[in-house]
Amino acid sequence: MQNETGRSLVEMLGVLAIIGVLSVGGIAGFKNAMEKNRANTIISEAQKRAVVVSGQIGFNNGTPSLVDFSAYNAISGGTFGDVVTTGLTGQFGIPVSGVSQKVCQNILNTIGNNTAIRRLSSLSTPRTPMNNCEDENSFLIIYNNNLQGVENDVQYCSTHADCDECGTCNQTTHLCVGACESACNENDTCGENECVVCDEDTKTCQNKCVEVEYLETDSDANYIATNVKPTGTTNFETKVRYNTATPTSTWALGGTTWWGVHLIGSESKIGIANSTVDQAYASYTFGTDITLKLDENNVYADGNLVGSITRKNATSTMDLFRYYNASNLWWKGRIYYLQFWDDNGIIANFVPVLSPETSQYAGQPCMFDKVSQKLFCNAGSGTFKTNLDE
């Protein structure tokens, strides 16, 4: 009797299993390739539109348009909108919607890699880079007016926390600037950042500011001159606390003929005012934290709209912990942070720190402006406290 040759059932099942694994891997690879292709298609379509917009801007067209382009791209799955230019100095955006997460991520990965794309941004905040993609995405593809791209080694940011320890986020370009590990000698200034000093042991420039939660005072002598002179388009936000005393009137932030943070202790209310008739207040409990914001003339207390005022051009810079040049209107409490901005971006971003021990301020509590990279310390005669003193 002759033996039959062939494969056993076990061998056949093994072969089928291998084929199945290869098929799954092949499908996944094909899917990844398709997602990259869709991303490249969106980039290509956006580039065509960007060239047209750049040309129109080059011919001094203040209202460029993409009316000759269709909105939907069946291959990529993205739907394109008309050009967006409002609020983007020297830049414009091409809006795209209906983009999947992985296609969006592939587009993000191309920035700084031989494309003219400057960044992706959300439709509501065109100046701020978008760093993550959701399940479905709508965004602006931002270009410079001249279509000049960016270098491969740039680091995008929306806040200073996105940058390295000694870097800060330029709120105009949304690029990280500054570094701390460069070599230095004892007398080196380590650049323009006043928090970065030369470490004696390592001979490298390092961030020697210690961030604290707040600055606090109960003195009639402590204040900080911010050097910010606002205009009728300036906004601000700050978080403050007034302690236990009940004053008739006091200011956490003030400048001549302009708004500031004003507390009326006798009425237990706090808000923003630029005159005796132009003001908006919320109820306030002494010894509690409150966030106040002035945005496009609207006044918010802890996120709630409490009224509106008319912003005015200042005739003086602003002081923290008192009304400008008014020694009888001191703030006795805490200030956690202060930010100024206008239509062109962040003007100043003050956060409380302990200054470097080796600096001219010798470890004093100060405010550090992350925009100018300067320390703003006590211009009065006393000393601030911080949460580290508790």
Side-chain angles (χ1 to χ4, degrees), residues 193-195 197 208-230 234 236-265 270-274 284 286-287 289-290 292 314-340 347-390:
N193 190 326
E194 292 187 349
C195 270
V197 297
K208 292 293 186 176
C209 280
V210 177
E211 288 205 26
V212 293
E213 187 179 359
Y214 56 78
L215 298 190
E216 182 175 18
T217 182
D218 57 6
S219 168
D220 285 342
N222 299 336
Y223 74 97
I224 289 175
T226 69
N227 203 33
V228 175
K229 188 176 182 180
T234 309
F236 86 95
E237 179 178 315
T238 188
K239 181 180 176 182
V240 299
R241 172 189 290 191
Y242 200 86
N243 291 333
T244 56
T246 305
T248 301
S249 177
T250 188
W251 296 75
L253 172 70
T256 306
T257 71
W258 208 67
W259 46 252
V261 173
H262 184 219
L263 180 139
I264 302 178
I270 191 172
I272 297 172
N274 62 19
Y284 181 67
F286 288 102
D289 298 336
I290 187 168
L292 296 166
T315 58
S316 73
T317 57
M318 305 293 284
D319 282 349
L320 272 172
F321 293 95
R322 72 168 188 176
Y323 191 77
Y324 177 78
N325 204 26
S327 58
N328 61 332
L329 296 174
W330 302 96
W331 186 259
K332 296 182 179 180
R334 301 175 180 176
I335 296 180
Y336 292 83
Y337 67 85
L338 171 64
Q339 298 174 339
F340 292 97
I347 298 171
N349 183 11
F350 295 98
V351 296
V353 300
L354 298 181
S355 60
E357 291 286 350
T358 56
S359 73
Q360 61 177 313
Y361 304 109
Q364 291 182 37
C366 302
M367 285 288 184
F368 177 68
D369 175 21
K370 291 188 173 183
V371 177
S372 67
Q373 300 184 341
K374 302 293 184 184
L375 286 163
F376 291 77
C377 299
N378 196 350
S381 57
T383 302
F384 288 110
K385 296 188 296 183
T386 75
N387 55 293
L388 300 182
D389 296 315
E390 293 182 348

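Numbering starts at 1 and runs along the sequence shown. Worth saying up front: this structure is predicted, and the values here are computed from it rather than measured.
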| said: Once salt bridge (Lys or Arg N to Asp or Glu O under 4.0 Å) is applied, do any residues pair with Lys385, and if so which ones, sequence neighbours excluded? | reply: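 Per chain and number, Lys385 pairs via salt bridge (Lys or Arg N to Asp or Glu O under 4.0 Å) with no residue.
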| request: Mind checking salt bridge (Lys or Arg N to Asp or Glu O under 4.0 Å) for Glu357 and listing every partner two or more places apart, or none if nothing turns up? | output: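 Listed in chain order: nothing, the list is empty.
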| Counterpart residues, ring pair (Phe, Tyr, Trp, His ring centres under 6.0 Å), relative to Tyr336 (two or more places apart) |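 Tyr336 satisfies ring pair (Phe, Tyr, Trp, His ring centres under 6.0 Å) with Tyr214 once adjacent residues are dropped.
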| said: The criterion is ring pair (Phe, Tyr, Trp, His ring centres under 6.0 Å); which residues satisfy it with Phe376, sequence neighbours excluded? | reply: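 Ring pair (Phe, Tyr, Trp, His ring centres under 6.0 Å) list for Phe376, sorted by chain: Phe350.
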Can you list everything that forms a side chain to side chain donor-acceptor pair (under 3.5 Å) with [X]? Sequence neighbours excluded, please.
X: Lys332; result: Asp220
X: Gln339; result: Asn349
X: Ser359; result: none
X: Asn222; result: Thr217, Asn378

| request: Return the minimal non-hydrogen interatomic distance between Phe368 and Glu194, and the atom names on each side. | output: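 Shortest heavy-atom contact: CE1-N, 4.5 Å.
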| Between Ala348 and Val371, what is the shortest heavy-atom contact and its length? |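 Taking every non-hydrogen atom into account, CA-CG2, 3.9 Å.
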Tell me the salt bridge (charged side-chain N to carboxylate O under 4.0 Å, His left out) pairs involving [range], sequence neighbours left out?
range: residues 238-263; result: Arg241-Asp289
range: residues 252-265; result: none
range: residues 249-262; result: none

| task | For side-chain contact (heavy atoms from CB on, under 4.5 Å), just list the numbers for Ile272 and Phe236, CA-CA rounded to whole Å, side-chain angles, deciding distance to a tenth of an Å, and then say yes or no. | result | CA-CA 10 Å; Ile272 297 172; Phe236 86 95; 3.5 Å; yes
Pairwise side-chain contact, [X] with [Y], heavy-atom cut-off 4.5 Å (strictly under):
X: Leu320; Y: Leu215; value: no
X: Arg334; Y: Asn387; value: no
X: Ile335; Y: Met367; value: yes
X: Leu338; Y: Val228; value: no
X: His262; Y: Tyr323; value: no
X: Phe286; Y: Ile270; value: no

So how far is it from [X] [atom1] to [Y] [atom2], rounded to the nearest 0.5 Å?
X: Leu354; Y: Phe384; atom1: CG; atom2: CZ; result: 12.5 Å
X: Lys370; Y: Cys195; atom1: NZ; atom2: SG; result: 9.0 Å
X: Ile224; Y: Met318; atom1: CD1; atom2: CE; result: 14.0 Å
X: Leu292; Y: Thr238; atom1: CG; atom2: OG1; result: 7.5 Å
X: Thr234; Y: Ile347; atom1: OG1; atom2: CD1; result: 4.5 Å
X: Asp319; Y: Leu253; atom1: CG; atom2: CG; result: 8.5 Å

| query | Which of parallel (below 30°), tilted (30 to 60°) and perpendicular (above 60°) describes Trp331 and Tyr242? | reply |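 Judged by the thresholds at 30° and 60°, the geometry between Trp331 and Tyr242 is perpendicular.
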| Would Cys209 and Leu375 satisfy side-chain contact (heavy atoms from CB on, under 4.5 Å), going step by step from the backbone distance to the final call? | CA-CA 10 Å; Cys209 280; Leu375 286 163; 4.0 Å; yes
| Partner set under side chain to side chain contact (heavy atoms under 4.5 Å, CB included) for Ser316, not counting sequence neighbours |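 Ser316 satisfies side chain to side chain contact (heavy atoms under 4.5 Å, CB included) with Thr256, Tyr324 once adjacent residues are dropped.
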| query | Quick one: does Ser355's side chain have a donor or acceptor within less than 3.5 Å of a partner on Gln364's backbone? | reply |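 Confirmed, Ser355 side chain pairs with Gln364 backbone.
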